[in-house]
Amino acid sequence: MSPFEHGEVFVLDDGGEADLDLGNYERFLDVTLNKDNNITTGKIYSSVIERERRGDYLGKTVQVVPHITDAIQDWIQRVAHIPVDGRDGVPDVCVIELGGTVGDIESSPFIEALRQFQFRVGSKNMCVVHVSLVPVLGVVGEQKTKPTQHSVQVLRSLGLNPNLLAVRSTEMLEDPVRQKLASFCHVSTSAVLNLHDVSNVAHVPLMMEQQGAAVAIMEHFGLELKPLELTQWRLRAERADTKMPVVDIAMVGKYNGLSDAYLSVIKALQHAALAANHTLNIVWIEASHLEPKTKEEDSVKYQAAWQQLRSAMGVLVPGGFGDRGVEGKILAAEYARTSGTPYFGICLGMQVVVIEFARNVLGWEEANSTEFNPATPCPTVVFMPEGSTTHLGGTMRLGSRRTVLQTINCCAAKLYQAERFIDERHRHRYEVNPEMVPQFEEKGLLFVGKDESNQRMEIVELESHPYFVACQFHPEFKSRPMKPSPLFLGLILAATKQLDSYMQGAKTKLEAAAVSTAY
């Protein structure tokens with residue numbers, strides 16, 4: 001999927017590739033979803049066609065109603081019984097997000113399926129929350145309710161009556177506007193929740209709690225409302241609003257035209273910066289602007305990009321596919337290595353580290369990845385043997401895989417507080433050539449994390465550097481607001497000169513754990 005069109009592809013533990021919305025749910029709710037939590041039109045139609053070919057419908061004509069709508073309802077009911085929060089037992093509530101806009105042709109089978117679903121489970125077991133926008137038009141700043149009135153009217157005509165309205169707006173809704181929405185949208189005033197713009201997203205749960213969202217939902221379902229523990233959210237919201245020192249991190253990417261392409265990376269950086277008591281400032285650098293050809297074509301862009309890179313407190317090179325901007329990423333890795341600037345590379349960001357080191361330290365001038373030059377005489381990064389060269393969709397090394405730490409005396413082990421192994425999510429087709437690992441390690445580029453076969457390189461660190469770490473996996477997918485990803489935290493701590501003191505404490509804990517395990 002094109003990052004410019006879809007934003008990032010969020011990878012789940014079981015290898016499912018999903019929309020970035022599932023990442024938002026995992027981060028906010030601290031849950032672990034799987035590929036069945038992501039329902040798409042393609043999945044539904046594929047399952048119905050498979051059943052028809054198998055003869056399940058006994059030769060009957062297969063139609064959108066009832067076969068497609070039944071398949072949607074069956075899928076929802078099946079997945080709703082699977083816990084995702086780590087606890088045993090059937091969940092009390094299942095959240096279903098129906099994306100798109102009311103009236104879209106793409107969502108019409110799903111709306112019809114949910115209309116039928118309310119009769120399958122009972123109206124008291126289904127709560128419809130309609131999300132809408134109240135825009136402000138004209139210089140007078142009047143809040144307009146017509147778009148919400150119209151969308152509710154269309155939704156009701158399709159057989160779904162909203163129980164709650166979640167109304168987005170730039171400013172807090174005025175009381176007359178709230179009353180007007182309630183009157184024209186067939187809900188009580190207390191059922192109109194106003195989700196207006198706030199200084200940081202941590203305020204949103206607090207705002208919903210203040211407006212009685214939990215009370216309204218639990219009363220609808222007839223469930224007991226237990227006291228909500230929002231202390232950590234409240235503290236986080238307050239800390240994010242506090243004036244703190246700024247940490248400048250250079251993001252050397254190739255999809256900078258759409259920040260959603262790096263959404264999880266941005267969130268992971270924010271989590272780490274707040275944990276380190278700093279305010280994050282991302283310095284966006286287009287990787288291709290660092291390349292010599294840009295100097296010839298547009299010297300202003302070239303000089304500006306290098307000035308931004310040199311002024312940053314840390315460098316992050318995220319993942320990506322294709323050869324555009326790769327040489328710029330390699331140059332960024334070289335700058336961080338030689339200047340002592342903290343560096344963190346993810347996926348392709350690790351592969352460019354290996355290529356750069358091979359060229360400039362080992363003297364292999366033609367070193368490259370077979371992704372960018374299939375005929376390279378020095379393939380430091382190679383295609384994985386089990387990968388497919390003809391089918392690109394869903395054929396990568398995907399999902400949670402185990403990384404075995406080779407020593408506890410490395411940054412990764414101390415940051416993760418892990419003695420033996422860690423589990424992180426992957427999404428890649430290419431890997432470091434294992435045949436060349438001894439030459440790299442001889443010169444100080446250490447592969448401190450490998451897969452269980454000991455053939456795949458997972459984490460690399462550079463000796464005698466403040467923080468030069470790269471990984472083949474994507475740790476951003478498991479970062480949480482209250483539990484920042486360790487490797488992201490390491491980058492921020494190194495950039496703000498806090499890493500040494502943090503590592504000393506981490507080393508003591510890790511050694512104590514190792515002794516305890518030995519006994």
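Residue indices begin at 1 and follow the sequence shown. Side-chain atoms are counted along with the backbone in the values below, which use heavy atoms only and exclude waters and symmetry mates.
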Kindly indicate whether the side chain of Leu269, heavy atoms from C-beta on, has any atom under 4.5 Å from the side chain of Leu491.
-> yes

Do Glu97 and Tyr25 pass the side-chain hydrogen bond (donor to acceptor under 3.5 Å, both in side chains) test, and can you show the C-alpha distance, the side-chain angles, and the key distance before you say yes or no?
-> CA-CA 10 Å; Glu97 178 188 324; Tyr25 283 112; 2.7 Å; yes

N/O donor-acceptor pair under 3.5 Å between Asn37 side chain and Asn34 backbone | yes

Do any N or O atoms from the side chain of Lys329 and from the backbone of Pro318 form a donor-acceptor pair under 3.5 angstrom?
-> yes

Working to the nearest 0.5 Å, report the span between CD of Glu431 and SG of Cys347.
-> 11.5 Å

Work out which heavy atom in Leu20 is nearest to a heavy atom in Gly7; give both atom names and the distance.
-> CD2-CA, 4.1 Å

Which atoms form the tightest heavy-atom contact between Glu461 and Cys410, and what is the distance?
-> OE1-CB, 3.5 Å

Electrostatic pair Glu286-Arg324, nearest N-O below 4.0 angstrom = yes

Donor-acceptor pair, Arg178 side chain versus Val192 backbone, under 3.5 Å?
-> yes

Would you find more than 12 non-hydrogen atoms of other residues, nucleotides or ligands less than 6.0 Å from Leu137 atom CG?
-> yes

Do you see a donor-acceptor pair shorter than 3.5 Å between the side chains of Ser169 and Asn194?
-> yes

When the ring centroid of Phe28 is compared with that of Trp233, is the distance short of 6.0 Å?
-> yes

Partners passing salt bridge (charged side-chain N to carboxylate O under 4.0 Å, His left out) against Arg168 (at least two apart in sequence or in another chain) | Asp197

So, are Asp14 and Lys35 salt-bridged, with charged N and O less than 4.0 Å apart?
-> no

Do you know the tightest heavy-atom contact between Phe372 and Gly322?
-> CE2-O, 3.3 Å

Heavy-atom donor-acceptor pair, Asp104 side chain to Thr101 backbone, under 3.5 Å = yes

Is a donor on one side and an acceptor on the other found under 3.5 Å between the side chain of Ser339 and the backbone of Tyr335?
-> yes

Sub-4.5 Å side-chain heavy-atom contact between Arg456 and Lys450 | no

Is a side-chain donor or acceptor of Asn433 paired with a backbone partner of Pro379 at a separation under 3.5 angstrom?
-> yes

Donor + acceptor pair across side chains of His271, Ser479 (<3.5 Å) | yes

Do Asp451 and Arg402 come within less than 4.5 Å of each other through their side chains, counting heavy atoms only?
-> no

For the student: nearest non-hydrogen atoms of His130 and Val102, plus distance | CE1-CG2, 3.8 Å

Candidate pair Ile422 and Ile459, rule side chain to side chain contact (heavy atoms under 4.5 Å, CB included), full reasoning | CA-CA 11 Å; Ile422 56 176; Ile459 307 174; 3.8 Å; yes

Under-4.0 Å salt bridge between Asp36 and Lys43 = no

Is the closest side-chain heavy-atom distance between Asp13 and Phe477 below 4.5 Å?
-> no

Are Glu327 and Arg359 ion-paired here, with the side-chain N under 4.0 Å from a carboxylate O?
-> yes

What distance do Asp19 atom CG and Thr40 atom OG1 have between them, rounded to the nearest 0.5 Å?
-> 11.0 Å

Checking Asn38 side chain against Leu22 main chain: does a donor-acceptor pair fall under 3.5 Å?
-> no

With sequence neighbours left out, what residues match Lys146 under salt bridge (charged side-chain N to carboxylate O under 4.0 Å, His left out)?
-> none

Measure across Ser259 and Ile266 and return the closest heavy-atom pair with its distance rounded to 0.1 Å.
-> O-CD1, 3.6 Å

Using ring pair (Phe, Tyr, Trp, His ring centres under 6.0 Å) as the criterion, list what pairs up with Phe488, not counting sequence neighbours.
-> Phe344

For Asp248 and Ser311, run side chain to side chain contact (heavy atoms under 4.5 Å, CB included): C-alpha distance rounded to whole Å, both residues' side-chain angles, the deciding distance at 0.1 Å, then the answer.
-> CA-CA 8 Å; Asp248 298 314; Ser311 62; over 6 Å; no

Indicate yes or no: does Arg236 engage Glu238 in a salt bridge with an N to O separation below 4.0 Å.
-> no

Got a donor-acceptor contact below 3.5 angstrom from the Gln73 side chain to the Thr69 backbone?
-> yes

Answer yes when Arg429 and Glu371 have at least one side-chain N-carboxylate O distance shorter than 4.0 Å, and no when they do not.
-> no

Validation row: Ile68, Ile44 side chains within 4.5 angstrom (heavy atoms) = yes

Taking the side chain as C-beta and beyond, is there a heavy-atom pair between Leu158 and Arg115 under 4.5 Å?
-> no

After noting the C-alpha distance and the side-chain angles of Trp284 and Val252, does the key distance pass the side chain to side chain contact (heavy atoms under 4.5 Å, CB included) rule?
-> CA-CA 7 Å; Trp284 294 94; Val252 184; over 6 Å; no

What distance separates Leu155 CG from Leu98 CG, expressed to the nearest 0.5 Å?
-> 9.0 Å

Hey, are Arg397 and Glu458 close enough for a salt bridge, meaning a charged N less than 4.0 Å from a carboxylate O?
-> yes

Any idea which heavy atoms bring Val353 and Phe468 closest together, and the distance?
-> CG1-CE2, 3.6 Å

Below 4.5 Å, heavy atoms only, C-beta onward: do Tyr343 and Tyr467 meet side chain to side chain?
-> no

Value for OG1 (Thr294) from NE2 (His289), rounded to nearest 0.5 Å, stands at 6.0 Å

Examine distances only and state if a side-chain atom of Thr376 and a backbone atom of Glu366 form a donor-acceptor pair shorter than 3.5 Å.
-> yes

Is a side-chain donor or acceptor of Gln143 paired with a backbone partner of Glu174 at a separation under 3.5 angstrom?
-> yes

Report yes or no: do Arg480 and Ser485 form a side-chain donor-acceptor pair below 3.5 Å?
-> no

State, yes or no, whether a side-chain contact exists between Val177 and Thr145 at a heavy-atom distance under 4.5 Å.
-> yes

May I ask you to check whether Tyr416 and Glu424 show a side-chain donor-acceptor distance below 3.5 Å?
-> yes

Side chains of Asn200 and Asp241, donor plus acceptor under 3.5 Å | yes

Given side chain to side chain contact (heavy atoms under 4.5 Å, CB included), test Met396 with Phe321 step by step and report yes or no.
-> CA-CA 12 Å; Met396 290 182 277; Phe321 295 90; 3.6 Å; yes

Should Gln351 and His428 be marked as a side-chain hydrogen bond (donor to acceptor under 3.5 Å, both in side chains) after you check the CA-CA gap, both sets of side-chain angles, and the distance that decides it?
-> CA-CA 11 Å; Gln351 295 171 10; His428 65 108; 4.9 Å; no

Report the residue from Lys478, His474, Glu476, Arg27 that forms a side chain to side chain donor-acceptor pair (under 3.5 Å) with Ser264.
-> Arg27

Between Arg239 and Asn277, a side-chain donor and acceptor under 3.5 Å | yes

With a 4.0 Å cut-off, would you call Arg427 and Glu17 a salt bridge?
-> yes

Within 6.0 Å of CE in Met172, more than 12 heavy atoms from elsewhere | no

